[in-house]
Amino acid sequence: MTQTPYKCIVMGREKCVEGEVKAKSRKLKKLDGGESSGDFGDLIKHSTKPMKFTEEANNEKSQKKVKTPKAEIQQVSICSDALKEETMEAFSTKKKSLKRKRVKDEPRDGSSHSVSPRLKRKTDESEEETRERHSKKRIEKSIKKEEEHHPLPKKAKRTKEEIEEAKLLKIQKKEEEEKSRWRWWEEEKYEDGVKWKSLEHNGPYFPPEYQPLPDDVHFYYDGKKMKLSAAAEEVALFFAQMLDHEYTTKKVFRENFFKDWRKEMSPEERSVIQDLDKCDFSKIHAMHKAKVEARKNLTKEEKQTLKEANQKIVEEFGYCLLDHHKERIGNFKIEPPGLFRGRGEHPKQGMLKKRIQPEEVIINCSKDARVPDPPPGHRWKEVRHDNTVTWLASWTENIQSSIKYIMLNANSKLKGEKDWEKYEIARKLKSCVDDIRNTYMRDLKSKEMVTRQRAVALYFIDELALRAGNEKEEGETADTVGCCSLRVEHITLHEQLDGNQCVVEFDFLGKDSIRYYNKVPVISKVFKSLKRFMDNKEPGDELFDRLNTSLLNKHLSSLMPGLTAKVFRTYNASITLQQQLKELSNKSDNVAEKLLSYNRANRAVAILCNHQRAPPKTFEQSMANLQAKIDARKEQLALAKSELKQAKKEAKDKGSSDGKLQAVVERKKAAVKRCEEQLLKMEVQATDREENKQIALGTSKLNYLDPRISVAWCKNMDVPIEKIYNKTQREKFAWAIDMTEADFEF
DNA sequence: AAATGAACTTAGTAATTCTCAT
DNA sequence: ATGAGAATTACTAAGTTCATTT
């Protein structure tokens with residue numbers, strides 16, 4: 001079955017308007033439930049984990065590299081030439097000499113507890129050395145090349161030296177980073193379930209204590225000034241700060257807030273404050289706004305000071321040592337208290353999210369590591385040493401009583417390896433997707449209702465990239481659905497629509513209450529089945545009443561180890577990108593056009609996955625601005641053209657041998673060409689932006705597209721990787737950038 | 001076999017920082 | 001130098017999945 005997965009998703013799609021799709025009589029109870037518990041659990045475990053990247057007959061180069069014994073790699077010292085090349089033409093198509101270059105930065109050195117309490121940057125010692133080692137000459141050369149890449153239209157306000165110096169520093173830093181990067185993808189994997197052997201960190205960072213309001217700022221109740229207790233005042237401030245936000249106008253939000261606020265009040269306050277409408281937060285609100293404004297108007301120096309203070313916190317709490325490598329922590333701050341901001345029609349919006357105390361926090365680190373100090377006067381809830389999980393600290397949040405975790409940054413080994421594994425599973429699906437499609441096509445005809453429902457659900461998941469759709473507890477969260485939890489009210493069947501047969505119209509709120517609206521022609525088998533499923537059901541009844549995600553996933557994992565519903569999203573996203581890139585991009589295009597093609601391919605995926613965004617507030621304006629610039633450039637072009645014509649004419653009249661006039665012609669020609677190029681670039685940009693109005697590319701780029709596809713494309717197309725991935729993204733995908741050759745195929 | 005718990009990925013928005021034209 | 005607008009980063013909510021408990 002050939003598939004262009006994004007094909008059907010072309011019709012109207014809009015950001016959901018609040019309350020647009022309303023739940024009616026929801027009946028979460030199954031009519032019947034037959035979940036057979038085939039025991040695939042073990043099977044999966046064994047077949048996916050240990051062999052995951054090596055078992056395949058697949059002989060990607062990238063995979064071979066995984067097996068490279070690390071000892072070999074680590075011994076070789078830095079060759080500064082190789083290093084230079086790396087910095088300069090990071091992503092030329094030629095082979096990298098890089099592999100050897102690995103710096104064995106920090107031997108698991110015997111001084112086993114060199115793991116310093118403050119997690120001192122382990123490369124500190126070598127920094128000096130490095131700086132010296134890299135001769136000045138070499139660096140200057142680098143700069144020159146750098147500039148060729150990004151020609152600076154510098155109107156040297158500062159002295160040349162200063163600029164040079166800044167550049168120099170930047171380059172040094174870059175090299176430093178490159179050098180200290182942990183090339184974990186070249187190492188052996190750990191055995192099943194083990195996530196690390198050693199883990200040390202300084203614990204989470206706690207938000208500052210509440211600072212009571214200044215004496216001249218007051219809260220008023222029923223027109224009367226009222227001094228609140230600290231606890232009540234803090235919560236009042238949360239609300240006051242949000243007064244400009246739509247949230248504070250919503251009934252549910254206000255009610256939840258008021259209820260929780262009253263819990264924080266003293267008995268006296270509670271007896272007085274009975275009605276939120278009589279509360280006047282305007283002075284507190286004004287103070288807050290003034291504060292924000294004041295912060296904006298700080299002098300450069302003051303801002304710098306703040307920044308440095310912040311930096312210090314990051315230094316202390318933002319990193320950990322994982323297997324003796326310094327890794328960045330993704331979210332090292334305990335979430336501060338505030339009012340819960342659920343998305344969509346969340347029944348708990350406005351509730352008070354409480355301040356977390358150290359006594360509620362569990363610390364996870366290795367046995368031999370220094371246990372982080374709790375804030376003075378406090379103790380941890382628990383310290384455990386569980387190396388089968390990746391989190392450093394956790395606590396239970398009071399709104400949904402779910403657990404929150406402190407985990408590593410996306411550029412860490414732990415996250416990167418998992419990401420890589422995810423794409424490997426998706427590629428495995430590629431090799432058996434035809435069989436699986438045949439299977440569910442066959443299952444559509446099954447006698448068993450469960451099987452047919454499963455087949456239709458799978459058809460949707462595969463064709464439309466719907467999410468699995470777990471059941472949710474009613475009243476606990478916003479009413480959103482995915483595939484398995486679709487209700488009758490979410491689809492409309494059309495025998496005939498816009499010249500198509502058998503069209504299914506979807507209209508529901510998905511994750512984050514983003515509306516999914518789509519009209520899809522389906523095969524008649526699916527159409528007929530859907531009709532059957534809807535027989536005798538109320539709009540609020542479940543469409544797939546015999547099915548749930550666990551049943552579906554159990555089935556999937558029997559078809560292929562490691563296969564779950566979400567793998568289809570990853571697979572279809574990545575394969576679409578690859579196809580679209582092949583289709584849309586031309587080697588002969590210039591870089592701007594190539595990038596447009598890339599973005600279009602990316603966009604096809606974002607549309608497939610329904611990744612939307614609110615159109616930027618300034619969208620219309622900025623579009624108009626760009627158009628104005630284009631018009632201006634057009635005029636300039638016309639002028640340049642006529643000048644060229646004029647010059648040509650003169651040259652002809654005076655005899656073409658006149659060297660001077662000939663030179664003028666050449667100059668004008670060049671001007672016209674330059675103008676045309678700039679115009680084209682802007683027009684391309686305008687197209688790109690317009691097409692992107694309500695579509696968010698970031699999510700798919702970060703979570704669904706195998707980075708190796710993009711890296712290979714860049715190499716094939718001679719596009720520098722920096723055009724596709726920014727710094728953070730390059731760090732996240734370092735493994736892919738490093739290991740991927742031009743011939744990679746997903 | 002259903003509910004609950006735990007761990008981890010995916011998601012959009014808000015805040016902050018950067019960049020470029022003026 | 002400045003300020004608008006773009007780009008990036010921070011934040012944390014909302015999913016999926018698998019394991020455990022009831």
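The chains referred to below are lettered A, B, ... by the order of the sequence lines, with proteins before strands, and numbering in each begins at 1.
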Checking dG15(C), dA13(C), dT16(B) against the side chain of Arg295(A) (C-beta onward), the nearest is dT16(B)
Counting side-chain heavy atoms from C-beta on, which of dA6(B), dT9(B), dT17(C) comes nearest to Lys415(A)? dT9(B)
Asn553(A) side-chain proximity, nearest of dT8(C), dC18(C), dA13(C): dC18(C)
Looking only at non-hydrogen atoms, find the nearest pair between Phe508(A) and Leu486(A) and report the distance. CD2-CD2, 3.6 Å
I want to confirm an ordering. Mapping Asn310(A) and Thr570(A) to their closest nucleotides on DNA chain B, which one lands closer to the 5' end? Thr570(A)
Looking at the rings of His346(A) and Phe340(A), which for Trp means the six-membered one, are their centres under 6.0 Å apart? yes
Checking contacts here: which listed nucleotide (dC8(B), dA11(B), dA6(B)) is nearest the side-chain heavy atoms of Lys511(A)? dA11(B)
Given atom OH of Tyr423(A) and atom P of dT9(B), what is their separation to the nearest angstrom? 12 Å
Between dT9(C), dA7(B), dG12(B), which one does the side chain of Ile403(A) approach most closely? dA7(B)
Let's see if you can work this out: which of dG15(C), dT9(B), dA14(C) has an atom nearest to the side-chain heavy atoms of Lys566(A)? dT9(B)
How many whole angstroms separate atom NZ of Lys296(A) from atom P of dT2(C)? 15 Å
Look at the side chain of Ala614(A) and decide which nucleotide, out of dC8(B), dA14(C), dT13(B), has an atom nearest to it. dT13(B)
Of all the nucleotides listed (dC18(C), dC8(B), dA10(C)), which has the minimum atom distance to the side chain of Met407(A)? dC8(B)
Side chain of Arg467(A), heavy atoms from C-beta onward: which of dA13(C), dA7(B), dG15(C) has the nearest atom to it? dG15(C)
